[in-house]
Amino acid sequence: MISLLREMYYIILGFLEGFGACWLFLFRLLRYTPSALLRWRLVFQQIYSVGAMSLVLIIVAGLFVGMVLGLESYNLLARFAATSAVGSGIALSLYRELGPVITALLFAGRAGTALTSEIGLMRATEQLAGMEMMAVDPVRRIVVPRFIAGAISVPLLTVIFCTIGILGGYLLSVMHLGVDEGAFWSQMRVNVDLVEDVIESTVIKGIVFGGAISLLAVYEGFYAQPTAEGVSNATTRTVVNSALAVLVLDYILTSAFFHGA
Amino acid sequence: MVSETDSGSENVIEISGLKYRRGEKLIFDRLNINILRGKVTAIMGPSGTGKTTLLRIMTGQVLPDRGRIIVDGRNIMRLTAEQLFELRKEMGFLFQSGALFTDNSVYENVAFPLREHTKLPESLIRQVVLIKLQAVGLRGAWNLMPTELSGGMSRRVALARAIALDPKIIFYDEPFTGLDPISMGVIVRLIRQLNDSLGLTSIIVSHDVEEVSSVSDHSYLISEGKVVAYGTPQELEENKSAWVRQFMKGLSDGPVPFHYPAPDLAKQLFAGEQE
Amino acid sequence: MRQTRTIEISTGAFIILGFMALVFLATKTTNIQTYGDHGGYTVSASFNNIGGLKPRASVTIAGVAVGRVLAIKLDPKNFNAVVTLQIYGSYQQIPDDSTASILTSGILGEQYIGLDPGGSDTFLKNGSTIQYTQSALVLEKLIGQFFSKATAPGAK
């Protein structure tokens, strides 16, 4: 019994330590951000590799999620004889929850792991130490551009996901299930609020999730053990911690912005 | 006593009273080392004595618990991060693995310090890069990627990168390890040549006695955190201490025993149970 | 480094695509219309019960949107809900004896204000108050009414 408590104590302590270290790292990254933005070529290169390269994945996922939403919304609303509201259902589900969360999780899996393993490998092959010896700060040169790129890319990807999702839902419900096209769009327009649903949910959640995942990914890579096993463990931690962080932040943001009926 | 601002002295690096502990183990115990300007100095010792750590302390990558470390007239322990970075621009460091940037070509790797620290136009950078590559004999390989290079070649490229900014001091971390005889000969020649032609001060950490002896002016032998012997290769060769002789000649048994400490053989073999 | 141009172009395209998607979402799928300032004038109306009426809800005449709800406040003296409405500038001739009712649209019921024009020759202008109002129908009170009518004969 005592040993169980002690285990938990150490786990909690370990978590707090990592949590605090992460925040300190974040402040450091934010401090270097303005100067890093001046070297826009580096940032652009990273936006390309984490953002543009994830585009295909996001578009395909968005299409299928949109189509499934079309089916499920229709299914649900048919029970209330309110299938004309399908447009609203799809849009609200996408903008508020599915868009930001699914995009974030996909991003963590595809780009987050790439960031962690890339930086971790540079750590393991002493490229980061080499840079330090050449009087170049690896945090400024390697880490910050990648962090910025992730924080910028995720909201963009989220918005693209939602757009494709709406189109997918449209194809399914209007073209396939026969919902009235006019009702689809006009009901949506009425029920989707610009501030509440798009700005607060899609965009802000996108920015927050993007920042969190990028932070975790570069942090794990930078502080990985410089061995093959170390990098692999760090990559796993990135995915797990990112997923948890996204879900927890989702709850926090949703309840913070909760307007009630 | 050399003042802290006197940078024209004979000693480029002065370490006095160095104490460094990692966990329970005392790695360095009141170590004193002086590196002479313009010479090739070697630091030798068995694996695990912390030779690489010593290099890291000299370059400010690791901070010791106690001691005075003066590098080119500056006390490393008192420098701010910016001052340390400035100092590092005058140092070259060759890692054991080369530590080349795997995503960039040979040319890009050597050009890196020039691009980061100078505002030279591309045409001038190109000239400098080619000259540095020429110095290490790899000008023809300028366009290759690190994955296409052999071990010896990547170390030479790393060397070209280390001298890109014309440093005053250059550190070699186990430069001979894992090379074939020819590549080793090339590195040995380069260390000597660059040191003399560029007026560098070179510090080599290694345990390859033969190679070190052929290239160094002075060598320190370190064991158990202390300096055990110091002198020219000739002097070390003639050193009477049993331990030094075992190390220099590569004898399998001596003050450092062949057998790891264990209980009596007969007892363990015939005991039946686990000991 | 020859790829740099491709990278820069693709990245630029990606960022532009993202913003275009955002613009599409914002303009075509949301109620962005209601945020515009269409110019107009402000009038107020007092209700016993506003039900589920919310700011930015529509104000309509004969089903056509003529304005929107700006704000809803509680009058501390008579405990009525005071609703501030904005009427769009193109509708200057609404009689000042019109009735404002709180109605429900559709089944999943967003509530809005419907104006029933009166016959007056003077029109609403900035700062006017609508005199005749019809509060929202509250389900419990309806049921209560129904039951009291049903039991009343017995009580007599």
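Chain letters run A, B, ... following the sequence lines, proteins first and then strands; every chain starts at 1.
Per-residue counts of heavy-atom pairs under 4.5 Å with chain C were compared for A/T202, A/I164, A/V159; the largest is that of A/V159.
Residue A/L55 touches chain C through its side chain alone, counting heavy-atom pairs closer than 4.5 Å. Both the backbone and the side chain of A/S153 come within contact range of chain C, judged by heavy atoms closer than 4.5 Å. Only the backbone of C/T27 comes within contact range of chain A, with at least one heavy atom under 4.5 Å from a heavy atom of that chain.
Closest heavy-atom contact between C/S135 and C/N48: OG-N, 2.9 Å.
Using the six-membered ring where Trp is involved, C/Y88 and C/Y91 have ring planes that are tilted, between 30° and 60° apart.
Side-chain atoms of C/S98 come within 3.5 Å of backbone atoms of C/P95 as a donor-acceptor pair (strictly under, hydrogens ignored).
Residue C/F123 qualifies as enclosed at atom CZ: its count of foreign heavy atoms under 6.0 Å is above 12.
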